[in-house]
Amino acid sequence: MSSFTPKSDFLQVMTERGFIHQCSDLAGLDALASGGKLVGYIGFDCTAPSLHVGSMVQIMCLHWLQQTGNRPIALMGGGTTRVGDPTGRDESRKILTLEDIERNKNGIKQAFSRFLTFGDTGTDALMTDNAEWLTKLNWIEMLRDIGKHFSVNRMLAMDSVKLRLEREHEMSFIEFNYMILQAYDYVVLSQRYGCNLQMGGSDQWGNIVNGLDLGRRMGTPQLYALTTPLITLASGAKMGKTASGAVWLNPDMKSPYEYWQFWRNTEDADVARFLKLFTTLPMSEIERLAALQGAEINEAKKALADAATTLLHGPAAARVAAETARKTFEDGIAADTLPTVTVAGADLMAGLGVLNAFVTAGLTASTGEARRQIKGGGLRVNGIVLTNEHAMLTPADAINEGAIKLSMGKKRHILLRPVD
RNA sequence: GGGGGAAUGUCCCGAGCGGCAAAGGGGGCGGACUGUAAAUCCGCUGGCUAUGCCUUCGUAGGUUCGAGUCCUACUUCCCCCA
């Protein structure tokens, strides 16, 4: 596969930026892509109210698909989430309520508009929900039309099932059916929209290939599969977690500033790879940035943070985030654009204990943790290390544009702003 | 159907003679060193109105001054026999 030289823009971009892990037929796919005849989809689970950076690779795949003259489909898993994908899990998922799934779906939709141009013609992106057809399936019809194409022998041999069986972990019948539904999705999308490519993370290979098979048996045109590598950090950790939890894409769950910070803190060894995957900067520029050594590599990290944040939150928000970071870390002053938490002015007037202040700000989970952090020298008020856990905050401490800057560690800062 | 074993700090794994807020890891957080990096070293890693009080070892009872530890029943999981 490494010897294959793609001719299409799509596969050239995917290859040189490191998006390709496995493909069912690179040459066939290349031919279709050259003519702008690809209609590719990726399914997104509705298990959380927002996508997180872990899905960025997938989103970028759709983005490039469109940028190179093909049509992307973002498929919401409103139906499949009701069943639950057992892939990569050795315990059953808990079954989500329909209301939760609906809420999650609406939250997840938000992120896409920045990356894709939606519409009804040509290369316009499409968003659809597999609940639309899956919930209408009739059990007997489904068994006769779809079920007959599936071999239980083969299903049992699939990794997602085999692992559970080997470890003698429970796999319920509902989960066992997941792969059938995902395969069926692909066929439906093929029939409705001429979809001929499904992409996904490398763990989805089995599910995607099932779709290919089902399509062949049900008489669709040739379908293709393309998976992306699992993105881990150079240090081996799974990507997407930070001090303050998962890196969500929705701004109400993770501010643009925090998103910018996430990329700014990328490990040296990951910078070049991430620039290729998570920005649309030209390859020549990426090569220049990747060549930076030592402390200079920080310039590359800023470029990564700027570009990635611009993609998700827009240029204005990215500029603010970068400026906030510059003031905070390089000038050491409190930018009024830092994440802010408000307190009642009256409470502050009466004197607010520092322990409770840090809990209110969300920097520590409990007053106990705040106490321990103070012992370890980890908390600061207006930049000054806090040593007295009994200290009280008063309006006189609101010296940064009328707010108090609370910090935990070197990187996490919150403005506590009194309001009436 | 019969016999044996197991469930531990709500992140995970895991030790635990009747005196236990409970060993040890991993992970996470903080500190030092740096470049807002990695690696390394050090500290912390139930809650609170805090020299005390409250809640934690599958669930519910019991024995005991005192139970994660002993007894009984139940739930779930694993192993062996049929």
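All values reported here derive from a predicted model rather than from experimental measurement. A, B, ... follow the sequence lines: proteins, then strands. Residue 1 opens every chain.
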Lys/Arg N to Asp/Glu carboxylate O, A/Glu299 vs A/Lys302, below 4.0 Å
yes
In terms of relative ring orientation, are A/Phe278 and A/Trp263 parallel, tilted or perpendicular, with 30° and 60° separating the classes?
tilted
B/rA37 OP1/OP2 closer than 4.0 Å to side-chain N/O of A/Lys411:
yes
Counting primed atoms plus P, OP1 and OP2 as sugar-phosphate and everything else as base, spell out the protein contacts along nucleotides 48-54 of chain B at 4.0 Å heavy-atom distance: B, S or - for each nucleotide, 5' to 3'.
SSB----
Taking the C1' atom of each, how far is B/rG68 from B/rU59, in whole Å?
15 Å
Just compare B/rA32, B/rC29, B/rG35 and give me whichever is closest to any side-chain atom of A/Ala295.
B/rG35
For B/rU36, what is the paired nucleotide under Watson-Crick or G-U wobble rules, both distances under 3.5 Å?
none
Heavy atoms from C-beta onward define the side chain here; which of B/rG46, B/rG35, B/rU36 lies closest to that of A/Arg372?
B/rG46
Atom CZ in A/Phe112, atom CE in A/Met76: separation rounded to 0.5 Å?
4.0 Å
Centroid-centroid under 6.0 Å between A/His413 and A/Tyr257 rings:
no
Separation of the C1' atoms in B/rG25 and B/rU51, to the nearest angstrom:
32 Å
Pick base, sugar-phosphate or nothing for A/Ile297, based on heavy-atom distances below 4.0 Å to the nucleic acid.
base
Kindly point out which of B/rU36, B/rG35, B/rG30 is positioned nearest to the side chain of A/Arg412?
B/rG30
Nearest of B/rU36, B/rA37, B/rG35 to any side-chain atom of A/Arg264?
B/rU36
Would you call A/Lys105-A/Glu102 a salt bridge at under 4.0 Å N-O?
yes
